[in-house]
Asks: 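Pasting in a structure now, in structure tokens, and then I'll have a few things to ask.
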Amino acid sequence: MSFLRKILKKKKSVKAGEDLSGQAAFIPEDYFGNNLDKNVKKIIETLGNSSDIIIRKMEIGRTGRIAIIYTDGLADDKLIDNNIIGELLLTKESMDGTISEQHSLHIIKEKLISISGVKSIYDWDQLFHSLLSGETIILMDNANEALSISTVGGEKRALTEPSTELTIRGSRIGFIERIRTNTSLIRSRIKNPNLWLETMQIGKVTQTDVAIMYINGIANDKVIKEVRKRLKRIDIDSILDTGYIEQLIEDETFTTFPTLYITERPDVVTANLLEGKVAIFVDGTPFVLTAPALFVEFFQAADDYYFRFDIATGIRLLRVLAFIISIIAPSIYIAATTFHQEMIPTLLLITIAAQREAVPFPSFVEAVIMEVIFEILREAGIRLPKAIGQTVSIVGALVIGQAAVQAGIVSPAMVIIVSITAIANFSTPSFSMAISARLIRFLFMIIAATFGFYGLIMAILVMFIHLCDLRSFGVPYMFPLAPFTPSNAGDTVIRLPIWTLKQRPRLISQKNIIRSGKNQEPHPPKQTASQPKKENQE
């Protein structure tokens, strides 16, 4: 509706003019004025006379003056000097003074500029957005339009290996902070005309470029429409990272489990697009969101598909086991030592009792003390410089753990339990799911210390009910386990051979669900007459 009101407003406030063909035209009031000096002055005043806004005025033949405007640091200086200013200086004498200014801009656009990305703009909003995006603006005296030339450049980080999703086998390239570089990494992997990209600006102040990418014909139209709808309804001053987008478009706020998948690996985004998902890119961050997200997806790594299925299945089962340990290991110890000592083997119970004889705190207080200390060390290791961060984390954990045992604050068994829990937590491939486990762990510890195993089992059941109730853009979070879909169950906590995964997830891609042909399984070569049997050779 706002767009229609803007169009109607423009139609009501027009005055007569003349277009390139000499016919009568209508010029809205919010278009540029005819005076070049006034237009340049408005740009300077609007941008606060910023020193990084470069303005170069030139004479073009006998037709009038032009102003070349760009933002230093965002635009490519060499490209502007060689392909814009240089071309105009070489050909300015050929401009005939009898040609109108509008025709002069048309000639500059069609014949003089050797850069491909040239477009006409007509209002101030378009001009400032283009200028602050790294494009070069050409204004001409006595002309009611301007030219925007694609000269985006400036410094950017080189393509390097992702730092948060390391793999043994696979691509060594990760996303960077440039949105166009990131989308090009996907284009280079999916050379298909059905790979569509939509870009919009979100943030009233930052005007951040946000793009959604999907494969037309594979992605679900309802999911695409819902993603587009949620992005367009965002009304906020700034978008600085995909985390802003994630919190504004997720299905459920009051949950610790992530309902959008975040990655900085192009091969992971490519695989998700081929399953029918939608990718969300944000300029200024190397992390990309994909939706819908499934629970089993957070235990899958990129190199799972680069190894044999038996190896990948074993590693996935190990990750799931580590995730369970990271959630309930301290709670089981607390419940067993506090309420259910009869469930512990006698010799082990005697050993634990002897260790805890000098400890003045109950098991719950022990666990809380050690867990909080480990969380502080983990956070300190992330924030400290890389040269000393890991050293401080390792040495700190060893020294503090040993000192706490010798001081009688905690028992050696509790140090072992907390250490195993911390190591198991690092086995989760997704950092967002690992953080979720860390938060749930404290809740389970409180319940185990209050109600024992009965409360712990009830808490686990409530967690599973909550997981089954979650949705990610309308898709059940526990799919294909709940609802159970046999045709898609081969790529969950287990992974069957690639040639058996013939269908895409049905609740995600509802159009083209077949992704491989028949008879894809490997066959040994048939024995021919020219290859005698081993028996005959003997």
Side-chain angles (χ1 to χ4, degrees), residues 109-110 114-120 130 133-135 148-152 156 159 170-171 173-176 178-202 208-232 242 245 249 260-261 263-283 286-293 297 302 305-306 473-475 488 491 498-499 501-518 520:
K109 177 181 178 182
E110 300 294 335
S114 59
I115 302 174
S116 58
V118 183
K119 61 181 179 181
S120 298
S130 298
S133 297
E135 299 180 0
S148 175
I149 306 170
S150 178
T151 56
V152 179
K156 67 177 182 179
L159 297 177
S171 173
I173 296 178
F175 291 122
I176 63 172
R178 286 289 184 90
I179 187 172
R180 281 294 167 258
T181 304
N182 296 340
T183 56
S184 67
L185 290 175
I186 306 300
R187 289 281 187 192
S188 65
R189 286 165 170 79
I190 304 179
K191 303 176 181 64
N192 192 302
N194 290 321
L195 181 63
W196 289 6
L197 180 71
E198 300 178 14
T199 304
M200 62 190 75
Q201 285 73 44
I202 302 179
T208 307
D209 289 330
V210 178
I212 61 173
M213 180 178 279
Y214 56 91
I215 301 179
N216 184 45
I218 294 180
N220 192 339
D221 290 338
K222 293 182 179 179
V223 174
I224 298 171
K225 184 178 179 180
E226 184 65 24
V227 171
R228 190 185 297 120
K229 175 184 175 182
R230 296 187 188 185
L231 289 175
K232 289 185 176 180
T242 49
I245 299 292
I249 67 173
L260 286 168
Y261 191 80
T263 180
E264 59 175 335
R265 294 187 61 91
D267 53 349
V268 173
V269 175
T270 301
N272 287 339
L273 289 173
L274 292 171
E275 287 189 348
K277 298 179 181 179
V278 180
I280 303 174
F281 298 80
V282 177
D283 193 26
F287 293 96
V288 176
L289 296 173
T290 60
E297 183 180 355
Y305 300 92
Y306 308 147
F473 286 85
V475 177
N488 299 136
D491 188 19
I498 290 292
W499 52 267
L501 307 177
K502 298 181 179 180
Q503 296 185 6
R504 297 184 177 89
R506 287 181 175 270
L507 295 185
I508 297 177
S509 176
Q510 298 181 347
K511 289 183 177 181
N512 181 10
I513 64 171
I514 305 299
R515 56 181 168 188
S516 65
K518 298 180 180 179
Q520 296 299 307

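Atom set for the values below is all heavy atoms of this structure, side chains included, hydrogens, waters and symmetry mates excluded.
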Asks: Thinking salt bridges, do Lys222 and Glu226 make one under a 4.0 Å N-O criterion?
Replies: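 Salt bridge absent between Lys222 and Glu226.
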
Asks: With sequence neighbours excluded, what pairs up with Ser171 under the side-chain hydrogen bond (donor to acceptor under 3.5 Å, both in side chains) test?
Replies: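 Applying side-chain hydrogen bond (donor to acceptor under 3.5 Å, both in side chains) to Ser171 gives Arg189.
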
Asks: Applying side-chain contact (heavy atoms from CB on, under 4.5 Å) between Leu185 and each of Ile176, Ile173, Asp267, Thr270, report the one that passes.
Replies: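 Of Ile176, Ile173, Asp267, Thr270, side-chain contact (heavy atoms from CB on, under 4.5 Å) with Leu185 is met by Ile173 alone.
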
Asks: When rounded to the nearest 0.5 angstrom, what is the spacing between CD in Glu198 and CD1 in Ile280?
Replies: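 Separation between the atoms: 11.5 Å.
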
Asks: Hey, what do you get for CG (Asn488) to CZ (Arg504), rounding to the nearest 0.5 Å?
Replies: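 Asn488 atom CG to Arg504 atom CZ measures 11.5 Å (nearest 0.5 Å).
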
Asks: Between Lys277 and Val475, is there a side-chain heavy-atom distance shorter than 4.5 Å?
Replies: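 The answer is no, as the side chains (C-beta and beyond) never meet within the 4.5 Å cut-off.
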
Asks: Partners of Tyr261 by side-chain hydrogen bond (donor to acceptor under 3.5 Å, both in side chains), sequence neighbours excluded?
Replies: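 If we apply the side-chain hydrogen bond (donor to acceptor under 3.5 Å, both in side chains) test to Tyr261, skipping adjacent residues, there are no hits.
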
Asks: So, the side chain of Arg178 versus the backbone of Asp283: is there a donor-acceptor pair under 3.5 Å, distance only?
Replies: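 Such a contact is absent between Arg178 side chain and Asp283 backbone.
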
Asks: Could you tell me whether a side-chain N or O of Asn272 sits under 3.5 Å from a main-chain N or O of Ala279, the two making a donor and an acceptor?
Replies: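 Absent.
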
Asks: State, yes or no, whether a side-chain contact exists between Val288 and Met213 at a heavy-atom distance under 4.5 Å.
Replies: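 In short, these two side chains do not touch, never coming nearer than 4.5 Å.
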
Asks: Do the side chain of Asn194 and the main chain of Ile215 share a donor and acceptor less than 3.5 angstrom apart?
Replies: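 Not at all, since once roles are kept as given, no pair shorter than 3.5 Å links the two residues.
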
Asks: Let me confirm one number: the CG-CG distance from Asn192 to Leu273, rounded to the nearest 0.5 Å.
Replies: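 Going from CG on Asn192 over to CG on Leu273, the span is 11.5 Å.
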
Asks: Find out whether Ile508 and Val223 are in side-chain contact, i.e. whether some heavy atom of one side chain is under 4.5 Å from a heavy atom of the other.
Replies: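 No; the side chains remain at least 4.5 Å from each other.
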
Asks: Would the distance check show the side chain of Ser133 and the main-chain N or O of Glu135 forming a donor-acceptor pair, the cut-off being under 3.5 Å?
Replies: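 No; judged by distance alone, with no hydrogens or angles, the pair does not exist.
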
Asks: With a 3.5 Å distance limit and no angle check, can you tell me whether Arg515 reaches the backbone of Leu501 through a side-chain donor-acceptor pair?
Replies: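 Flag set: sc Arg515 to bb Leu501 pair under 3.5 Å.
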
Asks: With distance as the sole test, does Thr290 use its side chain to make a donor-acceptor pair with the main-chain N or O of Val269 at under 3.5 Å?
Replies: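 Answer holds: no.
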
Asks: For Ser120 and Lys109, work out which heavy atoms get closest and say how close.
Replies: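 Taking every non-hydrogen atom into account, OG-NZ, 3.3 Å.
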
Asks: With the side chain counted from C-beta on, respond yes when Asp209 and Gln201 share a heavy-atom pair under 4.5 Å apart, and no when they do not.
Replies: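 The answer is yes, as the side chains (C-beta and beyond) meet within the 4.5 Å cut-off.
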
Asks: Rounded to the nearest 0.5 Å, what's the gap from CD on Glu297 to OG1 on Thr263? Could you check?
Replies: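 These two atoms lie 9.0 Å from each other.
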
Asks: Is the backbone N or O of Lys518 less than 3.5 Å from a side-chain atom of Gln520, with the two atoms forming a donor-acceptor pair by type?
Replies: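 Pair found, side chain donor or acceptor close to backbone of Lys518.
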
Asks: Mind checking what makes salt bridge (charged side-chain N to carboxylate O under 4.0 Å, His left out) contact with Glu264, not counting sequence neighbours?
Replies: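 By the salt bridge (charged side-chain N to carboxylate O under 4.0 Å, His left out) rule, Glu264 matches no residue at all.
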
Asks: If every non-hydrogen atom of Gly517 is compared with every non-hydrogen atom of Lys502, which pair is closest and at what distance?
Replies: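 Closest pair (atom of Gly517, atom of Lys502, distance): O-CE, 4.2 Å.
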
Asks: If you look at every heavy atom in Ala219 and Ile224, which pair is closest and at what distance?
Replies: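 Shortest heavy-atom separation between Ala219 and Ile224 comes out as CB-CD1, 3.7 Å.
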
Asks: Look at the side chain of Thr151 and the backbone N and O of Gly134, then say whether any donor-acceptor pair between them is shorter than 3.5 Å.
Replies: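 Yes, because the side chain of Thr151 sits within donor-acceptor range (under 3.5 Å) of the backbone of Gly134.
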
Asks: If only atom types and distance count, is the side chain of Lys191 paired as donor or acceptor with the main-chain N or O of Ser188 below 3.5 Å?
Replies: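 Flag set: sc Lys191 to bb Ser188 pair under 3.5 Å.
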
Asks: Taking all heavy atoms of Ser150 and all of Ile115, pick out the closest pair and write down the distance.
Replies: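 Looking at all heavy atoms of both residues, the closest pair is O-CG2, 3.5 Å.
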
Asks: State, yes or no, whether a side-chain contact exists between Phe287 and Val282 at a heavy-atom distance under 4.5 Å.
Replies: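 Sidechains of Val282 and Phe287: no contact.
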
Asks: Could you state the interatomic distance from CZ (Arg180) to CZ (Phe281), rounded to the nearest 0.5 Å?
Replies: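 Spacing of CZ (Arg180) from CZ (Phe281) equals 10.0 Å.
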
Asks: So, does Arg187 use its side chain to make a donor-acceptor pair with the main chain of Leu195 at under 3.5 Å?
Replies: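 The answer is yes, because a donor-acceptor pair under 3.5 Å joins these two groups.
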
Asks: Output the distance between atom OH (Tyr214) and atom CH2 (Trp196), rounded to the nearest 0.5 Å.
Replies: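 The CH2 atom of Trp196 is 5.5 Å from OH of Tyr214, to the nearest 0.5 Å.
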
Asks: Is the closest side-chain heavy-atom distance between Ile249 and Val227 below 4.5 Å?
Replies: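 Sidechains of Val227 and Ile249: no contact.
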
Asks: Just so I know, are the side chains of Ile186 and Thr183 near enough to count as touching, which here means a heavy-atom distance under 4.5 Å?
Replies: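 Not touching, per the 4.5 Å side-chain cut-off.
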
